[in-house]
Trainee: 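What follows is a single structure, and I will ask about it in a moment.
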Amino acid sequence: MTTIKLTMAQAVVRFMMAQKIETDNGIQPMFAGVWGIFGHGNVAGLGEALYQVKDKLPTYRAHNEQGMAHAAIAYAKTKNRQQMMACTASAGPGAVNMVTAAAVAHVNRIPVLFLPGDTFATRMPDPVLQQVESFQDMTITSNDCFRPVSRFFDRITRPEQLITALPQAMRVLTDPIECGPATLALPQDVQTMAFDYPVSLFDEKIHRLRRQTPDFYELNDALKLIRQAKKPVVIAGGGLHYSSALKEFDAFVSQFQLPVGETQAGKGALPWDHKHNMGSIGVTGAASTNNLCADADLIIAVGTRLGDFTSGSRSLINPNAKIVSLNVASFDAIKHKSQALVGDAKSTLPLLSKALQGWKIEPSWIKKAEAERVNWQQVVDKVTTDRGTSLPSDAEVVGAVNRAAGEKDMVVCAAGGLPGELQKLWRTRYNRGYHMEYGYSCMGYELAGGLGAKMASPESEVFVMVGDGSYLMLNSEIATSVMLGKKIIAVVLDNRGFGCIHRLQQFCGGPGFNNMLDDCLTTPEGAPKTDFAAHAKALGANSEKVSTISELEAALERAKASPISYLITLDTDPTIVTEGGGHWWDVAIPEVSEREQVRQARKNYDAHKERQFKNL
Ligand SMILES: Cc1ncc(C[n+]2csc(CCOP(=O)(O)OP(=O)(O)O)c2C)c(N)n1
Ligand SMILES: [Mg+2]
């Protein structure tokens with residue numbers, strides 16, 4: 001056997017470079033690059049190894065480990081999981097800064113290879129700087145925090161362990177079902193240890209993303225249910241994108257004239273003006289889709305994990321409706337007592353199209369759906385039109401940004417009031433034009449996510465829509481976007497606080513408390529007015545502040561013309577949300593309280609819980 005003497009870190013890097021993914025777009029390197037913030041836990045080992053290959057596998061320096069991992073997630077999401085990045089951070093705080101992002105990747109099922117440095121396997125210098133030191137278990141390090149939020153975890157305590165660990169990590173990253181973060185914790189001493197690795201370990205490996213066809217009996221059971229239905233609704237989930245099944249999906253819903261509701265992750269599966277696209281579904285759903293769900297006799301859920309926002313906390317879908325859930329993961333397919341149809345969407349939808357030939361749904365249902373769709377578009381037109389007031393609503397800002405966005409442009413968002421407004425109102429023109437992290441809805445994803453999305457889709461103008469709260473939580477990757485020449489356009493909606501949580505608090509019977517800056521403990525002068533434009537300028541971006549929607553429209557044109565990242569900030573009204581559509585969301589209310597408002601809210605809550613109970 002031919003061998004090559006490499007350090008463990010050199011072997012990790014060499015192995016990564018040998019991995020390729022073959023898709024309809026040809027063969028691509030699996031890893032487009034590595035994000036890294038070095039410290040003593042990775043600078044000498046992995047840092048040295050990455051330097052050697054820097055011309056073939058670029059290393060990108062970020063400013064915050066969570067931010068860089070958000071960028072890696074957004075990159076892989078934009079690439080439909082067909083290409084990805086790795087992230088390395090130093091042992092201790094640098095590594096743990098990535099744990100939240102690992103959870104984001106886990107919930108959203110996005111592949112990221114995490115390579116945190118770890119404490120010495122030999123334990124000779126213990127406690128090394130930044131070692132947490134468990135009193136009762138010497139094997140615990142802070143990297144154990146990655147375990148619950150990784151789809152695969154290993155700690156490489158001997159260099160030869162890579163021979164079995166690396167292929168397993170690649171398996172998870174490329175498996176449509178298990179896909180998510182893979183973490184290899186790399187003790188700093190082991191990174192530098194040499195081993196005679198078999199040369200064959202580094203042979204080019206071409207991965208293909210597995211396409212599962214359905215089980216014969218399960219398919220027949222699903223077909224039986226579908227054929228009986230007269231009033232179906234289809235849910236379009238994120239799995240459609242990852243399966244590259246959009247053509248097949250369009251063919252399926254067009255053939256049978258099926259109304260479609262989009263989840264946050266599924267949005268863009270059909271263009272907004274597609275004849276059968278009813279708009280969004282669920283808590284932040286369009287009235288069109290939600291009205292249909294209340295009356296439907298069958299839901300065909302495709303590639304969705306049926307989260308509470310989609311299902312209206314299990315109270316949206318009429319309890320008599322049957323559910324057929326087509327999903328690559330059996331974990332998701334059996335939810336809500338569904339008839340599971342385990343399979344890849346691209347492989348399975350054509351089988352349904354063929355086997356269902358002759359299936360006719362009620363003509364009045366098709367008419368009703370069309371009327372609902374037209375009505376809903378009128379609501380969207382109305383709320384996204386400039387009212388000419390000095391304090392615009394989020395919806396008006398969404399309208400202005402949407403009008404400024406071109407055919408191939410993208411909006412990126414994650415948390416606050418905006419995800420709801422965007423899901424209802426954003427008119428998605430192309431399939432990757434809507435990038436919402438709403439699995440974990442992690443504040444601080446937006447700006448860093450925008451950077452990753454831009455790196456994956458350089459031809460797109462990337463509009464990051466972000467609230468003042470999320471901006472203040474994590475904004476450092478603006479500097480990275482300027483440094484790398486990866487332009488984003490950030491639009492900051494400053495309503496002076498956590499507007500959506502304030503509204504939720506009031507809905508739950510609470511007083512204004514600790515959400516809006518005016519309701520927080522401050523000095524007598526009050527909370528400072530953050531100058532977001534000056535802040536972004538200080539990080540190297542172009543920026544300006546505007547007051548009205550027409551000023552915003554002009555500023556967006558300047559932003560598009562700017563060669564570097566550009567931030568526009570404006571004050572917005574925290575009280576206005578789009579009233580049309582929407583649905584109840586299960587947020588638990590205290591059973592006893594001294595506040596009458598809370599007692600009232602609880603009554604309302606109990607009534608909804610009854611409805612939810614019927615759907616269990
Ligand atoms: C990391 C993180 N912390 C807390 C939350 C809970 N949370 C959701 S939205 C929100 C407020 C967001 O404020 P802002 O970005 O200004 O948006 P707005 O609600 O004003 O539209 C909070 C605290 C979260 N989603 N993520
Ligand atoms: Mg806010």
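On a predicted model such as this, the values are computed, not experimentally measured, just so you know. Order of listing sets the numbers, starting from 1, for every ligand and every atom in it.
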Trainee: Between OD1 of Asn495 and O of Gly497, what angle is found at the Mg ion (ligand 2), rounded to 10 degrees?
Mentor: 90°
Trainee: With a cut-off of 4.0 Å, which atoms of ligand 1 are near a heavy atom of Gly469?
Mentor: 13 (O), 14 (P), 15 (O), 16 (O)
Trainee: Pull out every atom of ligand 1 sitting under 4.0 Å from any heavy atom of Gly417, numbered as shown with elements.
Mentor: 18 (P), 19 (O), 21 (O)
Trainee: What atom name does the N, O or S atom of Asp468 nearest to the Mg ion (ligand 2) carry?
Mentor: OD1
Trainee: State whether the shortest distance between N or O atoms of Asn495 and N or O atoms of ligand 1 falls below 3.5 angstrom.
Mentor: yes
Trainee: Is any side-chain N of the basic residue among Arg109 and Asp332 closer than 4.0 Å to the acidic one's carboxylate O?
Mentor: yes
Trainee: To check your reading of the model: name the closest protein heavy atom to atom 8 (C) of ligand 1, its residue, and the distance in Å.
Mentor: Ile501 CD1, 3.7 Å
Trainee: Minimum distance, heavy atoms only, to atom 25 (N) of ligand 1: which one of Ala415, Ala414, Ser441 is it?
Mentor: Ser441
Trainee: Between Arg429 and Asp409, does any NZ, NE, NH1 or NH2 come within less than 4.0 Å of an OD or OE carboxylate oxygen?
Mentor: no
Trainee: Closer than 4.0 Å to some heavy atom of Cys500 - which atoms of ligand 1 meet that?
Mentor: 9 (S), 18 (P), 19 (O)
Trainee: When you check the gap from the basic side-chain N to the acidic O, do Lys529 and Asp494 get nearer than 4.0 Å?
Mentor: yes
Trainee: For atom 4 (C) of ligand 1, which protein heavy atom lies nearest, and how many Å away is it?
Mentor: Met443 SD, 3.6 Å
Trainee: Tell me, which protein residue and heavy-atom name are nearest atom 13 (O) of ligand 1, and how many Å apart are they?
Mentor: Phe498 CD2, 3.4 Å
Trainee: May I ask whether Gly444 places a heavy atom under 4.0 Å from ligand 1?
Mentor: no
Trainee: In terms of relative ring orientation, are Trp35 and Tyr60 parallel, tilted or perpendicular, with 30° and 60° separating the classes?
Mentor: tilted
Trainee: Where do Ile549 and Pro392 come nearest, in terms of heavy atoms and distance?
Mentor: CD1-CB, 3.7 Å
Trainee: List the closest protein heavy-atom neighbour of atom 17 (O) of ligand 1: residue, atom name, distance to the nearest 0.1 Å.
Mentor: Gly416 CA, 3.7 Å
Trainee: With a cutoff of 4.0 Å, is Gly497 in contact with ligand 1, counting heavy atoms of the residue only?
Mentor: yes
Trainee: So is His502 touching ligand 1 or not, going by heavy atoms under 4.0 Å?
Mentor: no
Trainee: Do Glu396 and Arg387 sit within salt-bridge range, that is, some charged N less than 4.0 Å from a carboxylate O?
Mentor: yes
Trainee: Taking salt bridge (charged side-chain N to carboxylate O under 4.0 Å, His left out) as the criterion, tell me which of Lys487, Lys560, Lys408 meets it with Glu461.
Mentor: Lys487
Trainee: In ligand 1, which numbered atoms sit nearer than 4.0 Å to a non-hydrogen atom of Gly499?
Mentor: 18 (P), 19 (O), 20 (O)
Trainee: Is it true that Arg427 and Asp381 make a salt bridge, defined as a side-chain N closer than 4.0 Å to a carboxylate O?
Mentor: yes
Trainee: Does Asp394 pair with Lys424 as a salt bridge, N-O distance under 4.0 Å?
Mentor: no
Trainee: Which residue and atom name correspond to the protein heavy atom nearest atom 15 (O) of ligand 1, and how close is it?
Mentor: Ser470 N, 2.9 Å
Trainee: Are any of the N or O atoms of Asp468 closer than 3.5 Å to those of ligand 1?
Mentor: yes
Trainee: May I have the step-by-step check of side chain to side chain donor-acceptor pair (under 3.5 Å) for Glu544 and Tyr566, ending in yes or no?
Mentor: CA-CA 8 Å; Glu544 60 180 297; Tyr566 203 101; 2.4 Å; yes
Trainee: Using a distance threshold of 2.8 Å, state whether an N, O or S atom of Asp494 lies below it from the Mg ion (ligand 2).
Mentor: no
Trainee: Strictly by modelled atom types, are Ser550 and Glu553 linked by a side-chain donor-acceptor pair under 3.5 Å?
Mentor: no
